[in-house]
Every structure is written in structure tokens, then in C-alpha cells.
Amino acid sequence: MLGWFMCKSVSYLQGVSVSASINTLVAISIDRFVAICYPLKCQMTTRSARRIIVVIWVFSLLITLPWAMYFHLEPIDPSTPEITLCMESWPQEESQTLYFLVANLGLCYLLPLCIISMCYIGIWIKVCRRSIPGETKGTNADLMRQRSKLKVVKMMVVVVVLFVISWLPLYVIFTMIKLGGPVEADSQKEKTIMIVAPIAQWLGASNSCINPVLYTFFNKKFRKGFLAIIKSRSCCGTLRYEAATKGTRSTVLRSTFKSRCDTQCEYVTTAKV
């Protein structure tokens, strides 16, 4: 009984977490696109963010529901029925293939890839076309602006490329299994899949771990906020960080963020000469 429950629950929760992770990346890319391209038309609020999170998880729970229904414990060898393996077994092969093409390959890889790519391409076009009135080329401000644009473009390219590389091997393997016909026992194809599949699964799951590191590497404000959270030792408390600028006048900026989940952030800035 425990093995039956673990087979269904682990497989189902794996699919839910993968779908939620990918759709979260899609939501982040859409939010960035709207914030950069249409900053005055639409603003993300706490209520909107909560609703989006709920929609992402409800969608993930529903779209992977067949995994909980059609994963079963099946004996590896009829002579040893006590040795079982958790496998996906559908009543009709056509339904399994259709579900893979629509739900797995389409809604969890190709469509998110297209949306993320289009959002970041739109951001790239907006950033490259943006200019500051009265600014002349060749000045220090212009050079800093060009460097900032280059950094934004680099981050967007890296995010999209990592997403493609992380999930492509796993979906190639799934496509071979679902559409390439039955895999013969003890064949070279089966041996290759048995070796490559765990690596591909780890690579796909690692995409969710890579993105926070990537944002920290490219975004200075993200690094400061992350360090402030670590120092505060609380995700819902008062965060403080200081930043100093060099010049003839030394200025210390101290920002206080009251990040309680039901209130807006409050900014308190003091200057010291």
C-alpha cells in the first residue's frame, strides 16, 4: 500500500513542481515586459501577485492530474512479482501520446519558451530604443547607459538559452519514448535512455536553481535585497541596508522596507554629509 501511494504521489508532485516552476518563469517574464514596456499602464500589486501564484499552482495541479491516475506499480519480471517498478500505464496509447504532445511538450515547454522569448525580445527592443533627452553620445552617462543595456541583453539571452538547454534533453528523450515506438529490452536504445534520462531530469530541475543565482549575478539591487534578507533572518520583517557613494560629499543612504505581506513598502531615506 505504501509503495502504491509513493508511486502515485511522487510522480504527481514531480510533475506539479516542474509545471509550477516553468509557469513561474513565464509569469516573471510577462511581469518584466509589462513593467518595462508599459510602466504607467499596469502596476503589479500584492493582490495581483497572489492571484497569479494561485492560478499557476491550480493550473499545475490540474494539468498533471493524469500522472496520479496512470502511474502504477508493475512487476519487472513475471517470475518475481514482488519486485515492482513505478511506470506510466494508460488504457489507450493514443491518449497517452496526445497528452504528451499537448500538455507536456506544448503547454510545459514550447508555449512557455515562445512566451519567454517574445517577452525578452520586446524588452530588448524597448531598452535599445530608449534614450535620455539632452544626452549626447560619447559622454560618461551615455557609456554607462550602453553598459546597462548590454548587461540587460546578456541576462535575457542567458535566461532563454539556459531554459532551452536545461529542458531540451529531457523532452527529446520523452519524444523518443512516446513517438519512437516501443523500446526493446536489453537494446542499446534502452541502455542509453537508462543512463541519460536521470541526467536529463536533474538538468531540467536545476533550471529552477540556476535562475536565482543568475539574477543575483546580473542584478546589483537583487544582491543587496538578498543580503538584507539574510541579515534580517526573516522573510517578513524590517529590512535595512546601506549604500555609500564616493565623491566630494559622502552620502549614506539607509532604506527601511516594511515587508509585511499585507502592507506596502515604506521607504525612509536619511542623508549624512
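Predicted model only: the values in this text are computed from it and were never measured. Index from 1, following the sequence.
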Same apolar cluster (I L V M F W Y, side chains within < 4.5 Å links), M69/M87: no
Nearest heavy atoms of N104 and W67, plus distance in Å: ND2-CZ2, 3.5 Å
S21 (side chain) donor-acceptor with S17 (main chain) under 3.5 angstrom: no
For the student: nearest non-hydrogen atoms of S11 and F71, plus distance: OG-CD2, 3.5 Å
Y120 to V160 - nearest heavy-atom pair and separation: CD1-CG2, 3.6 Å
Joint hydrophobic cluster, L111 plus L62, side-chain heavy atoms closer than 4.5 Å: no
Shortest non-hydrogen contact from Y99 toward T64: OH-CA, 3.5 Å
same_hphob_cluster(I123, L162) at 4.5 Å side-chain heavy-atom cutoff: yes
Aromatic ring pairing F174/Y171, orientation class (parallel under 30°, perpendicular over 60°, tilted between): perpendicular
Polar side-chain atom of S19 near backbone of G15 as donor-acceptor pair, under 3.5 Å: no
Non-hydrogen atoms of A20 and I56 that approach each other most closely: O-CG2, 3.8 Å
Shared hydrophobic cluster for W57 and L13 (ILVMFWY, side-chain gaps under 4.5 Å): yes
Check: F33 main-chain N/O paired with Y38 side-chain donor or acceptor under 3.5 Å: no
Heavy-atom check, side chain of P112 versus side chain of F163, under 4.5 Å: yes
W167 and its side-chain contact (heavy atoms from CB on, under 4.5 Å) partner, picked from N207, V172, L203, L113: N207
Straight-line distance of I30 CD1 to R32 CZ, nearest 0.5 Å: 12.5 Å
Residue pair K126 / C37: nearest heavy atoms and the distance that separates them: CB-SG, 3.8 Å
Atom pair SG (C119) and CD1 (I36), whose distance is rounded to the nearest 0.5 Å: 10.5 Å
Hydrophobic cluster identity match, I22 and V58, side-chain contacts under 4.5 Å: no
Verdict with supporting geometry, E88 and H72, side chain to side chain contact (heavy atoms under 4.5 Å, CB included): CA-CA 6 Å; E88 188 178 8; H72 306 281; over 6 Å; no
Gap separating the CG atom of L105 from the OG1 atom of T97, nearest 0.5 angstrom: 12.0 Å
Under 3.5 Å donor-acceptor, S29 side chain and V26 backbone: yes
Atom pair CG (L65) and OH (Y12), whose distance is rounded to the nearest 0.5 Å: 5.0 Å
